[in-house]
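Here's the structure, in C-alpha cells; my notes come after.
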Amino acid sequence: MYLEAVKKKKPPLLQFSSRGIYCAVADVYLDPWRPVPKALITHGHADHARWGHGQYICTEASLPILKHRLGNIQLSGRPYGDRFLVNGVQFSFHPAGHVLGSAQIRVEYQGEVWVFTGDYKLENDGVSTPFEPIRCHTFISECTFGLPVFDWQNPTEIHSQINHWWAAQNSDKRSAVLMGYSLGKAQRLLKHLDPNIGPIYTHSSITAMTEVTSAQVDFPKTLALNKEVDKNDLKGALILAPPAAAGGAWMKKLSNPSTGYASGWMSFRGARRRRGFDRGFVLSDHADWKGLLKAIKATGCEKVITTHGYTHLFAQYLREQGYDAITEKTAFEAETPAEETSTTL
Amino acid sequence: MKLFAALVETLDQTTKTNTKVAALKNYFLKAPKQDALWTIALLSHRRPSRPITTTQMRAWAAREAKVPDWLFEETYHIVGDLAETIALIYPSNPEAELNRSLSAIIEDLIELKSKTDEQKEAFICQMWSQQSALERFAFNKIMTGGFRLGVSQKLMTRALSQALDLEEQTLAHRLMGDWSPQTISFEELLIKPNPKDQLSKPYPFYLAYALEDSFFDQESADDWFVEHKWDGMRGQLIFRSGEWFCWSRGEELMTSKFPDFNPLAEKLPQGTVLDGEILAFTDGQIADFSLLQKRMNRKNVSLKLRTEIPVIFGVYDLLEFEGEDLRHRPLTYRRTLLEELFQKNNDPQLPWFLSEIVPCSRWDDAKKEREKAVEKRSEGLMLKRKSSPYGVGRKKGDWWKWKSDPFTIDAVLTYAMRGHGRRSNLFTDYTFALWDNKELVTFAKAYSGLTDAEMKEVDRFVKQNTTDRFGPVRQVKPELVFEIAFEGIAHSSRHKSGVAVRFPRILRWRKDKSIDMANSLEDLKTLIP
Ligand SMILES: [Zn+2]
Ligand SMILES: [Zn+2]
C-alpha cells in the first residue's frame with residue numbers, strides 16, 4: 001500500500017512548512033516554530049515547545065514541564081504508546097530518551113508510517129524513559145552530533161569522573177560548580193551525584209525545574225542557592241547551575257571554585273578551552289554517530305530526513321549507505337557548537 | 001606514554017599558570033629521565049622530524065575508522081586539528097593498553113623514517129589501535145607538532161627549576177642551543193654539563209613587548225635608549241676559543257649559512273658574544289627583508305649568492321666580553337664596552353655596524369624619529385631602559401618595541417573559506433583583490449580583524465553571493481570593501497600581483513565604499529620603498 005501511495009505522488013504525510021512540520025490530513029503541526037492552532041510537542045526544550053499555539057498535546061510525563069515553562073495554555077497529555085486519531089490520522093508518543101517526558105511522534109495514515117524523533121539518545125540516563133525504536137517508512141531524525149568524531153563513553157564512567165572531581169575539590173575545601181542545562185542535563189547530573197561527598201546546591205532555575213520533576217524522579221537531597229546561604233557552607237559543596245548563569249554575581253561568594261561543564265561539545269578540545277571552565281565532561285542528551293546509525297537501522301525505514309545538526313554531511317553518508325536521505329531546514333537547527341548557548345542540549 | 005598523556009590532559013584542562021607549573025614539576029619528578037628529556041625537547045620545539053606525511057595519516061585513519069575520505073576531510077575541517085580528529089574518529093577500544101614509554105615510542109618513530117610505506121602503515125595503525133583517545137592525540141601531536149598546551153619555554157623552565165632545585169637562569173642557558181635527546185642525556189644536559197658542550201651555547205634571547213599606551217605618561221626620556229628596530233633576523237654571534245657560532249632566535253645554528261661573518265671572527269677577541277640583527281645589505285644600504293628571506297631559502301651558500309645578497313650584522317648588545325657573562329650589568333655598562341669594541345674594529349670592510357642610539361631628550365624627538373622609519377629601512381623604534389640587565393625571554397618593563405604605523409589600502413573581497421574549529425560554520429578566511437585596469441587581482445589573504453557580529457554579516461553575504469565553488473573555497477560577487485593593514489611590502493615574482501605584503505590583516509570594513517572606490521595595484525606599488 002505504501003508503494004502505491006508513493007506511485008500516486010500524493011503529497012507527503014508530513015511536510016516542512018514555514019511554521020513547522022505539518023500533517024495536512026490531520027491539520028496538526030509537530031513542534032511548530034510559529035503559532036498554530038494545534039501542536040504536538042516532543043519535549044519541553046524551548047526550541048521545541050514554543051509560545052502561542054492554540055492547543056498543545058504532549059506526553060503525560062511532559063505535562064508539568066510544559067505547564068511550568070509556558071504557564072496557562074490549553075494542554076493535554078497522553079501516555080507513551082497510546083494511539084489517538086485526529087481527522088483519521090493515527091498519532092502516538094514513544095520514548096525518545098532525551099529528557100524527562102521526551103517523545104518521538106509516530107504518525108500513521110493509510111498504512112504509511114512516519115516517525116519524527118524530536119531530540120533523542122539511546123543510552124538510559126536514569127531519568128527519562130529509555131528510547132524505543134519504532135518501525136516506520138520515513139524517519140525524521142535530528143543529527144546534532146552526526147559526525148564520526150562523536151563517540152560517547154559509557155555515562156557511568158562520566159558520572160564517576162564527575163564525582164571524583166567533586167571529591168577532590170571537597171577535600172581541598174573548594175566549591176565545585178557544575179554547569180548543565182536546567183531541563184534535562186541538570187536532572188541527569190543530579191540523579192548521579194554522590195550526596196555522601198558533600199552538600200548539593202542548585203541555582204534558582206534548576207531548583208524550580210527539579211521541583212517540577214521531583215514527583216517522577218528520586219533525586220538526592222538538594223539545597224537552594226540563595227542570598228541567605230553562608231559562604232562557608234559552600235566550601236566543599238557542589239553547585240549545579242545553568243551555563244547561562246556562569247560568571248553571575250553568585251559566583252563571587254565562592255573562593256577559588258573549580259568549574260565543570262557537561263556537554264557533548266566537550267569532545268572538542270577547542271570547545272573545552274574556549275569556555276574557560278576547568279573541566280569539560282563529555283555527556284550529551286543527543287545520540288552520537290553510532291547511536292544515530294543504530295537508531296535509523298532499527299526503524300527499518302527506507303527514507304530518512306535529517307534535521308538539526310550536521311544535516312548535509314549526515315544525509316550524504318546515509319545515501320552512500322543506501323538510504324533515500326534528504327535534508328530539511330527547521331527552526332531547531334543546531335548546526336554548530338555556537339548552539340551551546342541555546343537550550344537544546 | 002600513559003604518564004605523558006596524563007600530563008597533556010592536565011595541562012590542557014587548566015588555564016592557570018600555577019596549576020600548569022605544578023603538573024609539570026610533578027611529571028619531571030615522576031617520569032623516567034629519558035622521557036622527561038624528550039618531554040623537554042617536545043615542549044621546546046625539538047620534536048623529531050615527521051616519519052609520515054599528513055596525507056598518509058588522513059588516509060590510514062579514515063580507512064581504519066571505516067569512514068569515507070570525503071567525510072573524514074569534512075570532519076577534519078570542522079574539528080580543525082588533524083591529531084584531534086584522528087584521536088576522536090578512531091573506533092574506541094576500552095581495552096586499549098599500550099605499555100611503551102614515551103622515549104621508546106619516539107625512538108620507534110625516528111627509526112620509522114627509513115622504513116617502507118607498508119611498514120610505516122602497519123606500525124602507525126597498530127599504535128593507534130592500542131592507544132586510548134588521549135594517548136592517540138598525544139602520539140599524533142608528537143608527529144605533527146603544535147601541541148598548543150599553553151606552556152612557554154619560561155614556564156617549563158620554572159617547573160624544571162622547582163623539580164631539580166636549580167636556578168631558572170642557569171637552566172634556561174643549559175636548555176639553549178642545538179641538542180637532542182638522541183645525543184645527550186638528561187644528566188649531561190641539565191645536571192652536570194660538559195664544559196666543551198658549553199662552547200657553542202647561546203644565551204637565551206631577551207625579547208621586547210609591544211609598547212603600551214600609558215608608557216609616555218609614566219616614563220622620562222632620560223632613562224631610556226632609543227634605537228631603530230631593524231627588520232631582519234635576530235641573531236647571536238659567539239666568538240669563543242678560536243671558534244665562532246651564529247644562532248637564530250629560534251635556536252637554530254646558522255653559522256654555515258653566514259660565512260660572511262668569518263672576518264669578524266678574525267678580528268674580535270675570544271670570549272665575545274654579540275646580540276643583534278642579521279640584515280641583507282645591498283648597494284651600501286639595508287635591503288628589504290624579502291631579500292634576506294630569499295637568501296635563507298637557499299640550501300647552498302655560494303659565492304655568487306653571497307655577492308648578490310651580502311649580509312651585515314647590526315649589533316646592539318654585548319652579552320659576554322673577555323669571557324665574562326655581562327647580562328646582569330646595566331645596559332649603559334654593556335653599551336659603553338660595546339662602543340669601545342666597535343670603535344676599535346670600525347672597519348667598513350667588516351660586515352657589522354653599531355645600531356645607533358637616537359639622541360632623544362624628550363619623547364617628541366622619538367616620535368619624530370619614528371616617522372623616519374621607512375627612510376631608515378627600519379620597522380620602527382626600540383626603547384630600552386638604560387639601567388636594565390639583559391633578561392631571559394619575555395619580561396615586561398625594560399625593552400619595548402614601538403613599531404611604525406602599518407601601511408593600509410582598500411581592497412575588495414573576492415574569495416572566502418570556512419574557518420577552523422569554533423568558526424568552522426562561518427566563512428572567516430578571506431582573499432582580497434585590487435584593481436588592475438578593469439580586473440581585480442588577488443593581493444593578500446587575511447583572517448583576523450573583524451568583530452563577531454561583522455563576521456556573521458560577512459558570512460551571510462558569502463552564503464548568499466557565492467558565484468563559484470572550489471572545494472572549501474567560495475568565489476563571491478565583488479561587492480564588499482575592506483581596509484587592509486600590513487607591515488612590510490616588497491616586489492615579488494612569486495605573487496600574481498607582483499607584490500608581497502607582510503602580516504596583512506583587516507583593519508575595518510569600509511561599508512561607506514563601493515568597489516570602484518577600492519585601491520589599485522598601482523596605488524599599492526607606490527608604497528614600496
Ligand atoms: Zn532540539
Ligand atoms: Zn532537546
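Not measured: the values here are computed from a predicted model. Chain identifiers are assigned alphabetically (A, B, ...) following the order of the sequence lines, protein sequences preceding nucleic acid strands; residue numbering begins at 1 within each chain.
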Chain B contact via Phe277(A) - which portion, at a heavy-atom distance below 4.5 Å: backbone
Trace of the side chain to side chain contact (heavy atoms under 4.5 Å, CB included) decision for Ile78(B) with Leu313(A): CA-CA 11 Å; Ile78(B) 288 163; Leu313(A) 301 180; 3.8 Å; yes
Portion of Asp278(A) that has a non-hydrogen atom of chain B nearer than 4.5 angstrom: both
Leu88(B) and Asp151(A): CA distance, side-chain angles, deciding distance, side chain to side chain contact (heavy atoms under 4.5 Å, CB included) verdict: CA-CA 7 Å; Leu88(B) 294 173; Asp151(A) 182 10; over 6 Å; no
Residue pair Pro68(B) / Gln316(A), side-chain heavy-atom distance below 4.5 Å: no
Phe123(B), CZ atom: more than 12 neighbouring heavy atoms under 6.0 Å: yes
Side chain / backbone / both / neither for Gln13(B) at chain A, heavy atoms under 4.5 Å: both
Crowding at NZ, Lys456(B) (>12 non-hydrogen neighbours, <6.0 Å): no
Atom of Arg269(A), atom of Phe147(B) and distance for their closest heavy-atom approach: NH2-O, 2.6 Å
Atom group of Phe137(B) that falls short of 4.5 Å from chain A, counting heavy atoms: side chain
Chain B-proximal positions within residues 153-164 of chain A [heavy-atom distance under 4.5 Å]: none
Heavy-atom closest pair, residues Tyr317(A) and Leu71(B): CD1-CD2, 3.7 Å
Interchain contact, Leu147(A) with chain B, by part (heavy-atom threshold 4.5 Å): side chain
Heavy atoms of other groups near Arg319(A) CZ, more than 12 under 6.0 Å: yes
Selection from Glu74(B), Glu84(B), Lys16(B) maximising heavy-atom pairs under 4.5 Å formed with chain A: Glu84(B)
